[in-house]
There are 2 protein chains.
Amino acid sequence: MSVSATDQKQEQIIEAALKRFAHFGVAKTTMSEIADDLSLSKASLYYYFPDKTALVLAVGENILSVFLDEQSKALANAQSFEEGINAIIEVRICFGRKYFMMHIGDGQSDVNTADPKFKTALDHLKQTELDMMAAYIRQYQKEKVLKDVDAKETAEVLLDVLVGLWIAEIHIHQKSFVPTNELFERIRTKTKRMVSIFCDGIKRN
Amino acid sequence: MSVSATDQKQEQIIEAALKRFAHFGVAKTTMSEIADDLSLSKASLYYYFPDKTALVLAVGENILSVFLDEQSKALANAQSFEEGINAIIEVRICFGRKYFMMHIGDGQSDVNTADPKFKTALDHLKQTELDMMAAYIRQYQKEKVLKDVDAKETAEVLLDVLVGLWIAEIHIHQKSFVPTNELFERIRTKTKRMVSIFCDGIKRN
DNA sequence: CTTTTGACTAATTAATTTAAAAAGTCAGAA
DNA sequence: TTCTGACTTTTTAAATTAATTAGTCAAAAG
């Protein structure tokens with residue numbers, strides 16, 4: 001089936017919105033600005049998306065889909081268990097750099113991030129990551145590289161710790177709104193150290 | 001040297017302030033309330049403490065000192081490496097429950113938490129915890145229980161992860177201002193799972 | 001019939017002012 | 001030396017107003 005003109009236009013809008021969101025954040029981006037970027041009237045935007053929340057959601061789902069894809073590829077191309085985990089970390093840091101601003105302004109945002117649709121999208125992300133990681137662990141268990149620990153539970157712990165180091169670093173060392181290079185470097189260093197020990201913990205002797 | 005009357009009074013004030021701070025948080029506690037609790041005038045409080053920040057700092061240092069002490073004891077009484085780590089986790093959760101509210105209201109607090117004195121106190125806490133943990137690791141390295149990994153670096157990673165799991169859980173699952181029981185249970189579960197793998201990672205085969 | 005728009009209203013957010021509360025001071029009493 | 005009531009100053013909260021932005025719609029354009 002061919003892509004309809006409407007779908008194409010929607011994609012253009014998402015692309016334009018993404019640029020603004022990534023740079024200024026959702027709250028600091030108005031629908032008029034996005035429309036202007038496309039030499040369109042604001043009313044036209046509302047022809048393609050019922051409201052701002054829907055647009056933000058579409059942009060978010062777009063990002064998450066690529067995010068999952070790249071993580072999946074990172075694991076698939078790895079030559080060893082630990083290499084795969086480290087590759088995933090690089091993907092995550094790369095996305096963190098690119099889309100950090102999107103998350104900023106949660107507190108006084110104009111778009112309702114408490115909307116169940118956002119929760120659903122994030123739940124789906126988390127679940128998919130979990131399945132992906134659990135499958136990856138099982139793969140290396142079959143090859144007798146890893147101990148026969150519970151794959152799902154282990155994947156859960158690993159992802160929890162990955163998120164934990166990330167959020168803690170932001171929470172503690174983040175003063176300004178724009179993230180510094182050192183922030184991401186610290187996250188990378190701490191995460192890799194942790195992963196090294198973690199992998200030793202589940203590898204067969 | 002004996003304890004002066006002034007020191008004694010200061011201790012009473014700290015004790016009364018602690019009760020309010022732990023329950024309502026620093027921002028929601030007024031100097032007048034603390035004074036009233038002690039059947040004292042507000043002006044008298046200011047005789048013993050130059051300003052609210054000084055009082056908060058004194059209370060904080062009090063808590064941190066006990067916190068460090070209990071963690072130290074937990075390690076000292078442990079019968080095995082992992083038991084010590086798990087005991088420390090219990091101490092941390094216990095303190096988290098007790099003093100969670102103190103930290104609430106960072107954003108619109110009336111007391112200047114950016115004051116370098118607070119930073120110093122927290123830096124000292126972190127450094128002492130680090131030294132304590134590194135020494136604990138070295139102890140079990142001598143007994144050939146643990147691998148000869150870099151003790152300081154390993155201690156750093158472990159503490160980072162402990163903090164990370166804690167902050168992430170609060171950041172993600174905390175809606176209301178008063179923390180729920182389940183919050184702490186989740187932190188405990190996740191942390192213990194992680195610790196189990198982590199210990200396996202640094203234990204000798 | 002699909003897409004676009006300018007001109008509109010409704011809802012949010014930001015800025016300004018005003019009122020209340022809490023921090024902090026001080027002369028003098030106990 | 002320790003304590004207090006009455007005071008001033010500073011901060012925070014509430015209320016008001018102004019400005020911006022989200023969202024609508026009838027009608028035009030293709």
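Every chain is numbered from 1, with letters handed out A, B, ... down the list of sequences. Please read these numbers as outputs of a predicted model, since none were measured by experiment.
Atom CG in Leu38(A) sits roughly 11 Å away from atom P in dT5(C) (whole-Å rounding). One atom, CG of Asp36(B), and another, C1' of dT4(D), lie 13 Å apart when rounded to the nearest Å. The CD atom of Glu33(A) sits 11 Å away from the C1' atom of dT20(D) (whole-angstrom rounding). When the C1' atom of dT2(C) is taken as reference, atom CG of Asp7(A) falls 14 Å away, rounded to whole Å. Atom CD1 in Ile34(A) sits roughly 14 Å away from atom C1' in dG23(D) (whole-Å rounding). Between the P atom of dC3(D) and the CG atom of Leu40(B) lies a distance of 6 Å, rounded to the nearest Å.
Proximity of Tyr47(B) to the phosphate of dC3(D): no side-chain N or O atom is located under 4.0 Å from OP1 or OP2. Contact annotation: Thr6(B) reaches the phosphate of dT2(D) (side-chain N/O to OP1 or OP2, under 4.0 Å). Between dG6(C) and Ser41(A), no contact under 4.0 Å exists linking OP1 or OP2 to a side-chain N or O. For dC3(D), the OP1/OP2 oxygens have a side-chain nitrogen or oxygen of Lys9(B) closer than 4.0 Å.
Take the nearest nucleotide of DNA chain C for Met31(B) and for Ala5(A): the residue whose nucleotide is more 5' is Ala5(A). With the nearest nucleotide of DNA chain D identified for both Tyr46(A) and Tyr48(B), Tyr48(B) has the one nearer the 5' end.
Using a 4.0 Å heavy-atom cutoff across all strands shown, Ser44(A) reaches at least one base atom of the nucleic acid.
A donor-acceptor pair is defined here as one N or O able to donate and one able to accept, closer than 3.5 Å; such a pair exists between the side chain of Gln141(B) and the backbone of Val149(B).
The base of dG23(D) lies outside donor-acceptor range of the side chain of Lys52(A), with no N or O pair under 3.5 Å. At a cut-off of 3.5 angstrom, the base of dA22(C) holds no donor-acceptor pair with the side chain of Lys42(B).
Here the options are Phe67(A), Trp166(A), Phe100(A), the test is ring-ring contact (aromatic ring centres under 6.0 Å, His included), and the partner is Phe95(A); only Phe67(A) passes.
Taking the ring axis of Phe24(B) as reference, the NZ or CZ atom of Lys28(B) does not stay both within 45° of it and closer than 6.0 Å to the ring centre.
No close placement of the Tyr99(B) and Phe21(B) rings is indicated, their centers lying 6.0 Å or farther apart.
A side-chain donor-acceptor contact under 3.5 Å links Asp131(A) and Gln127(A).
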